[in-house]
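Structure first, commentary second.
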Amino acid sequence: MAGAEGYAHELVGRAATLLHDDVAAAQRLYTEALELDPTIRQGWFDLALVHKWRRAWDDCLACNRNAITLAPELAGRNDPAAWDAGVAATALHDWSAARRAWRHYGLDVGGAGATPVAIDLG
């Protein structure tokens, strides 16, 4: 892989090595990488983790949605991006988004629309 895409993948790799030790630096590298190549699913998922740890739920949900979009074949197959999107949407009380995420993950969450999700997810 050459050019900007290759460099973007290199940045994602470097960011992953920093993810647990220097979250701010990792966030900067993921952001830079995704500006160069927004098709790197792992970059979106890892950046979503940074936002999850910081409880920046809107950003977490947005990044996980990007990750989900890049791998639609994972629908119903315990996609971790869908799980974390469900967590973020639940934290935001965005029940429609939470239902979409939990269903994408593969859970039967029942109900519809703006009513709270009423299942025990641990």
Side-chain angles (χ1 to χ4, degrees):
M1 198 175 303
E5 289 178 1
Y7 182 60
H9 281 271
E10 180 184 322
L11 290 174
V12 167
R14 286 178 30 210
T17 66
L18 297 171
L19 190 55
H20 296 285
D21 298 320
D22 189 347
V23 175
Q27 181 177 355
R28 284 190 300 276
L29 290 173
Y30 285 126
T31 301
E32 183 180 348
L34 293 166
E35 286 172 358
L36 293 169
D37 184 356
T39 67
I40 304 173
R41 176 182 159 83
Q42 191 64 47
W44 285 115
F45 178 72
D46 288 351
L47 183 56
L49 284 176
V50 169
H51 294 308
K52 179 181 172 184
W53 296 337
R54 292 187 167 160
R55 299 180 199 266
W57 299 118
D58 287 318
D59 293 332
C60 178
L61 181 57
C63 289
N64 277 305
R65 281 179 170 161
N66 287 335
I68 290 166
T69 299
L70 291 169
E73 70 278 6
L74 295 179
R77 302 176 128 199
N78 302 337
D79 178 5
W83 179 271
D84 283 351
V87 169
T90 298
L92 292 167
H93 298 258
D94 183 342
W95 303 118
S96 295
R99 274 194 177 73
R100 280 191 305 277
W102 296 124
R103 286 183 179 132
H104 185 85
Y105 183 79
L107 297 174
D108 179 10
V109 293
T115 60
V117 174
I119 62 172
D120 182 8
L121 299 172

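Just so it is clear, the structure is predicted and the values come from calculations on it, not from any experiment.
With sequence neighbours left out, Thr39 forms a side-chain hydrogen bond (donor to acceptor under 3.5 Å, both in side chains) with Asp37. Evaluation of the side chain to side chain contact (heavy atoms under 4.5 Å, CB included) rule for Leu34 yields Ile40, Trp44, Leu47 as partners, not counting sequence neighbours. By the side-chain hydrogen bond (donor to acceptor under 3.5 Å, both in side chains) test, Arg103 is found to be paired with no residue, residues two or more places apart in sequence or in another chain being considered. The side chain to side chain contact (heavy atoms under 4.5 Å, CB included) check on Glu35 picks up Thr31, with sequence neighbours excluded. The side chain to side chain contact (heavy atoms under 4.5 Å, CB included) test applied to Ala71 returns Arg41, Glu73, Leu74, not counting sequence neighbours.
Legend: salt bridge (Lys or Arg N to Asp or Glu O under 4.0 Å) pairs involving residues 84-102, not counting sequence neighbours, sorted by first then second residue: Lys52-Asp84. Sequence neighbours left out, the pairs with a member in residues 14-37 that pass ring-ring contact (aromatic ring centres under 6.0 Å, His included) are His20-Trp53.
A single hydrophobic cluster is seen to contain both Phe45 and Val23, as judged by linkage of ILVMFWY side chains at heavy-atom distances under 4.5 Å, directly or through other members. With hydrophobic clusters built from ILVMFWY side chains whose heavy atoms lie under 4.5 angstrom apart, Tyr7 does not share a cluster with Val12. Both Trp83 and Leu92 are members of a single hydrophobic cluster when ILVMFWY side chains are connected at heavy-atom separations under 4.5 Å.
Taking each heavy atom of Gly86 and Ala101 in turn, the nearest pair found is N-CB, 3.3 Å.
Counting heavy-atom neighbours within 6.0 Å of Asn78 CG, excluding the residue itself, gives a total above 12.
To the nearest 0.5 Å, atom CG of residue Asp46 and atom CG of residue Leu18 are 11.5 Å apart.
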Distance-only donor-acceptor hits, side chain of residues 54-70, under 3.5 Å, sequence neighbours excluded:
{"residue": "Arg54", "atom": "NH1", "partner": "Gln27", "partner atom": "OE1", "Å": "2.2"}
{"residue": "Asn64", "atom": "ND2", "partner": "Cys60", "partner atom": "O", "Å": "3.1"}
{"residue": "Thr69", "atom": "OG1", "partner": "Arg65", "partner atom": "O", "Å": "2.9"}

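No close placement of the His104 and Trp102 rings is indicated, their centers lying 6.0 Å or farther apart.
Taking 4.5 Å as the limit, some side-chain heavy atom of Glu10 sits within range of a side-chain heavy atom of Arg14.
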